[in-house]
Amino acid sequence: MTFDDLAAMASAATGREVERVTLDDEAWIAEKVAAGTPEAMARMTLTTFQAAREGRFAGVGPLLAELLGREPRSVADQLTGANAG
């Protein structure tokens, strides 16, 4: 699953164009700081996007279902509200 995939799924689920816009890390930080986020918090939040870029969220192991007490929901299901609960 990539951010492009997610944008396409969100477009399909909402019937509206959802476009992925990519900023370089420092531009993203500057935008968050300009909107009032403390720089340290913006930098900490950025690490989630950096990890995703590196593929660190690419897989789901069986432990997730055990911790949740149910099978994980797909991104598509989450976008459409299917299997809520």
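Salt bridge Arg53/Asp25: present, at least one basic N to carboxylate O contact under 4.0 Å.
Taking CG from Leu23 and CD from Glu31, the interatomic distance works out to 5.5 Å, rounded to the nearest 0.5 Å. Note that CG of Asp77 is 9.0 Å distant from CE of Met9, once rounded to the nearest 0.5 Å.
Considering all non-hydrogen atoms of both residues, Ala7 and Arg20 come closest at CB-N, 4.1 Å. The heavy-atom pair separating Ala42 from Trp28 by the smallest distance is O-CZ3, 3.3 Å. Heavy atoms only, all atoms of each residue included: Glu26 and Arg43 are closest at OE1-NH2, 2.9 Å. A pairwise comparison of heavy atoms in Glu39 and Val33 identifies CA-CG2, 3.7 Å as the closest pair.
Note: the hydrophobic cluster containing Leu68 does not contain Leu63 (ILVMFWY, side chain heavy atoms under 4.5 Å, direct or indirect links). Linking ILVMFWY side-chain heavy atoms closer than 4.5 Å, directly or via other members, places Val75 and Phe3 in a single hydrophobic cluster.
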request  = Decide yes or no on side-chain contact (heavy atoms from CB on, under 4.5 Å) for Leu79 and Leu6, but give the supporting numbers first.
outcome  = CA-CA 9 Å; Leu79 288 171; Leu6 182 58; 4.1 Å; yes
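At least one donor-acceptor pair closer than 3.5 Å links the side chain of Ser11 to the backbone N or O of Val18.
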